[in-house]
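The block underneath contains the structure these notes are about, expressed in structure tokens.
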Number of protein chains: 2
Amino acid sequence: MSLSHAILGLLQYQPMSGYDIKQFIDKSVNYFWSAKQSQIYRELAGLEKRRWVVSALEKQSGRPAKRMYSPTGAGRTEFLRWLHEFPAALVEPVRDEFLVHLFFGNGLPVEETLFHLERYKKEAQARLDYFTALAAKLKNGEAGGDCAGERVYWLLTLAKGIKMAEASVQWADESMAVLNAIKREPPKKGVKG
Amino acid sequence: MSLSHAILGLLQYQPMSGYDIKQFIDKSVNYFWSAKQSQIYRELAGLEKRRWVVSALEKQSGRPAKRMYSPTGAGRTEFLRWLHEFPAALVEPVRDEFLVHLFFGNGLPVEETLFHLERYKKEAQARLDYFTALAAKLKNGEAGGDCAGERVYWLLTLAKGIKMAEASVQWADESMAVLNAIKREPPKKGVKG
DNA sequence: ACATACATGTAAGTTGTTACATGATTAA
DNA sequence: TTAATCATGTAACAACTTACATGTATGT
């Protein structure tokens, strides 16, 4: 339900093609929302079936034609209905494969885990840098186009991404420190020794 | 792939039933991993089909019998193979419906958004309290049973949950402050006014 | 010559959710 | 007597991923 309505919401701002939507998602709301190209096309087809959007082919010179989608009246109504309907549980269940591996880290050499924690930190740092730069642009009005009222809310969601990325970097550092300490001073096993 | 191998990993510690696994997940690794009861049963059936686990009915007095699952030799091998195989992208895609609503918050009355941010904060705070208490127990050896080597890694994953929950509470506070400021001083629209 | 960006989609498979179905015991 | 805990599962549906299929234009 969320993906189709999120797409419907984006189309309130301006008509877009499936490809445009994918670009927009990857470059802006990527912290809290992602989707594969194929899924976007499928959701758009579903939205059109329910008459919440209509599409029209737009020819381009030297490029494939774009199928541009726009919301209908019913689509706008449906979006507003959905918007008021917040989920009952606001903190979503997480499923993090990296943490599953770490949880079972006792079955791995410490060096291997440290290597992947370092990788993790770099990824988190890259996200942090990206979101920080994007937030600066949004504040200066260099991004987000003509949307004035929206900017505040976009910044709030970006702030969440920044907070999470900052916490992730810190956590990776602290975790590496813990494991490095173990490496130097292996833990005692049982009562012997 | 992750869920089946995570279950396989849990069974390395001790034989468990589907119900036991559900209890364990909900009460300990809930920060980074969750699953519905029905899915757990399906994954267990799949693991048994692949001969990575075997099951046996265990009768109980006054209670329904339990189907206890244990890993086979092939299961232990497969688990270790998987454990070394970390995902290429360590920071997982997030899909957060609450943030999708907030992103489109300009379409809602500020009071409504503030109400849900307050709810969000309470939920995050409850998680923070729970994880903090669990970490304290783990450190004292009151939880986690006979697993000595595992405890370090369990604490690392819990630390992540704590970090995230802390950041979430802070973010909710800061976001409410921003929206309260807007409520007192509504934003100027365009050049008129 | 090869990769990337542009652009759309289908098919198949995996994973996750919701609803259904059953039934005993225990605590409020 | 009502709800919760214990305990297992199936069926249907919804959501998501991966692989496939096609083709142009541009940059290296």
Side-chain angles (χ1 to χ4, degrees), chain A residues 1-8 15-27 30 32-50 53-69 82 87-89 92-97 100, chain B residues 1-8 15-27 29-30 32-50 52-69 82 87-89 92-97 100:
Chain A
M1 282 291 122
S2 192
L3 180 55
S4 60
H5 284 84
I7 290 174
L8 192 52
M16 282 195 269
S17 71
Y19 192 86
D20 295 337
I21 291 169
K22 173 68 174 159
Q23 305 306 307
F24 183 86
I25 292 174
D26 287 353
K27 283 176 192 158
N30 187 265
F32 62 89
W33 193 38
S34 64
K36 302 279 169 177
Q37 191 68 69
S38 61
Q39 205 192 343
I40 291 170
Y41 286 123
R42 185 151 31 94
E43 294 298 338
L44 282 171
L47 287 172
E48 194 162 34
K49 212 178 199 174
R50 278 177 273 181
V53 301
V54 285
S55 72
L57 274 178
E58 189 181 283
K59 284 173 195 164
Q60 297 182 111
S61 57
R63 283 183 185 178
K66 284 176 151 195
R67 181 168 292 278
M68 302 297 276
Y69 290 84
W82 172 86
E92 308 242 325
V94 179
R95 217 167 274 106
D96 190 327
E97 186 161 349
V100 179
Chain B
M1 281 290 123
S2 191
L3 179 55
S4 60
H5 285 84
I7 290 174
L8 192 53
M16 283 194 268
S17 69
Y19 191 85
D20 295 337
I21 291 168
K22 173 68 174 158
Q23 306 305 306
F24 183 86
I25 292 174
D26 288 352
K27 283 175 192 159
V29 298
N30 186 264
F32 60 89
W33 192 38
S34 65
K36 303 277 169 180
Q37 191 70 67
S38 59
Q39 205 192 345
I40 291 170
Y41 285 123
R42 199 180 34 188
E43 294 299 336
L44 282 171
L47 288 171
E48 195 162 33
K49 211 177 197 173
R50 277 177 273 182
W52 290 337
V53 301
V54 285
S55 73
L57 273 178
E58 190 181 281
K59 283 172 196 164
Q60 297 181 114
S61 56
R63 282 184 187 178
K66 284 175 149 194
R67 182 168 293 277
M68 302 297 278
Y69 290 85
W82 172 86
E92 307 243 325
V94 179
R95 218 168 273 107
D96 190 328
E97 186 161 347
V100 179

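The chains referred to below are lettered A, B, ... by the order of the sequence lines, with proteins before strands, and numbering in each begins at 1.
Axis angle across the helix from dA1(C)-dT28(D) to dA28(C)-dT1(D), with five pairs used at each end and values rounded to 10°: 40°.
To the nearest 0.5 Å, atoms CD1 (Ile7(A)) and CD (Glu43(A)) are separated by 5.5 Å. How far CG of Leu44(A) is from OH of Tyr69(A): 5.0 Å, rounded to the nearest 0.5 Å. Between atom CD of residue Glu97(B) and atom CG of residue Leu3(A) there is a gap of 10.5 Å, rounded to the nearest 0.5 Å. The structure places CG of Asp26(B) at 12.0 Å from CD1 of Ile21(B), a figure rounded to the nearest 0.5 Å.
The two atoms that bring Ser2(A) and Val100(B) nearest to each other are OG-CG2, 4.2 Å, heavy atoms only.
The aromatic rings of Trp82(A) and His5(A) sit parallel, their planes meeting at an angle under 30°, below the 60° perpendicular limit.
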Side-chain donor/acceptor pairs under 3.5 Å, residues 33-42 of chain B, sequence neighbours excluded:
{"residue": "Ser34(B)", "atom": "OG", "partner": "Arg95(A)", "partner atom": "NH2", "Å": "3.3"}
{"residue": "Gln37(B)", "atom": "NE2", "partner": "Gly18(B)", "partner atom": "O", "Å": "3.3"}

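Distances shorter than 4.0 Å separate some side-chain N or O of Gln39(B) from OP1 or OP2 on dG16(C).
Atoms CZ (Arg95(B)) and P (dG16(C)) sit 11 Å apart, rounded to a whole Å. Nucleotide dC16(D) holds its C1' atom 10 Å from the CD atom of Glu43(A), rounded to whole Å. dA7(C) atom P lies 17 Å from atom CZ of Phe24(A), rounded to whole Å. Straight-line distance from the NE2 atom of His5(A) to the C1' atom of dA14(D): 14 Å, rounded to whole Å. Nucleotide dT14(C) holds its C1' atom 13 Å from the NZ atom of Lys36(A), rounded to whole Å. Rounded to whole angstrom, the span from the CE atom of Met16(A) across to the P atom of dC6(C) amounts to 15 Å. The separation between Glu97(B) atom CD and dA15(D) atom P is 10 Å, rounded to whole Å.
Here the side chains of Lys66(B) and Tyr19(B) are not in contact, with every heavy-atom distance at 4.5 Å or above. By the 4.5 Å heavy-atom criterion applied to side chains, Asp20(B) and Met68(B) are counted as neighbours.
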Footprint string (nucleotides 5-12 of chain D, 5' to 3'): B base within contact, S backbone only, - free, heavy atoms under 4.0 Å: SBBBBB--
